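Nothing here was measured: the structure is a model prediction, and the numbers come from that model. Throughout, a chain's letter reflects where its sequence line sits, starting with A, and its residues are numbered from 1.
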Amino acid sequence: MPLFPIGPVMQLTELTARQIRYYEEHQLISPARTDGNRRMFSLNDIDKLLEVKDLIDQGVNMAGIKHLFALKNQEANPILKAEKTERELSNDDVRRLLRKEIVQAGRFNLPTSNPGNMNRFFH
DNA sequence: GTTCTGACA
DNA sequence: TGTCAGCA
């Protein structure tokens, strides 16, 4: 359901074309293409971009956003959710493991002056 | 006029 | 990320 090109999307999301294209490279969105290879964004794409905007504003980098999106998708996917249940992992277990992994790898570029930010993503 | 890819600082 | 080049 392709709606509008990158111009309007830039205004709606307050993101630069550079950022939007970068997020596409990292598969955070998958806008359709016109015959002339122009990107056409769906409502879904714009919704995701707004979420990304929010996280970026809070200091989360690509890796962090990918993790959070993956977590969210897992919650929404019946099959994955079922697999998780089979392993008897609660949502809190998943969050604990994710936080541990991310903290160790230092994949979040949160400012040291504001370390409390991280808790908001996992609490 | 608008968007695209690639590339550099 | 910003920005510039060279196309379409």
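Considering CE of A/Met10 and CD of A/Gln19, their distance stands at 9.0 Å, rounded to 0.5 Å. Taking OG1 from A/Thr13 and OH from A/Tyr23, the interatomic distance works out to 9.0 Å, rounded to the nearest 0.5 Å. To the nearest 0.5 Å, atom CD of residue A/Glu51 and atom NZ of residue A/Lys53 are 14.0 Å apart. Of the inter-residue distances, the one linking A/Lys48 atom NZ with A/Ile65 atom CD1 reads 13.0 Å to the nearest 0.5 angstrom.
In 5' to 3' order, the nucleotides of DNA chain C bounding all contacts with chain A (an atom under 4.0 Å from a heavy atom) are C/dT1 to C/dA8.
Here the closest heavy-atom approach between residue A/Ile29 and residue A/Ile20 is recorded as CD1-O, 3.8 Å.
Of the residues A/Ile6, A/Val9, A/Leu49, the one that meets the side chain to side chain contact (heavy atoms under 4.5 Å, CB included) test with A/Leu15 is A/Leu49. When each of A/Met40, A/Arg39, A/Arg21 is tested with A/Pro31 by the rule side chain to side chain contact (heavy atoms under 4.5 Å, CB included), just one qualifies, namely A/Arg39.
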Could you run through nucleotides 3-9 of chain B and give me one letter per nucleotide, 5' to 3': B if any protein heavy atom sits under 4.0 Å from the base, S if only the sugar-phosphate is that close, - if neither? BSB-B--
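Although no hydrogens or angles enter the test, the distance criterion places a donor-acceptor pair under 3.5 Å between the side chain of A/Asp45 and the main chain of A/Ser42. Between the side chain of A/Gln11 and the backbone N or O of A/Pro8 there is no donor-acceptor pair closer than 3.5 Å.
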In dot-bracket form, 5' to 3', how is DNA chain C paired? Count Watson-Crick and G-U wobble pairs only if both distances fall under 3.5 Å, and write | where the partner sits on another strand. ||||||.|
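Residues A/Met62 and A/Leu28 have side chains in contact (heavy-atom distance under 4.5 Å, counting atoms from C-beta outward).
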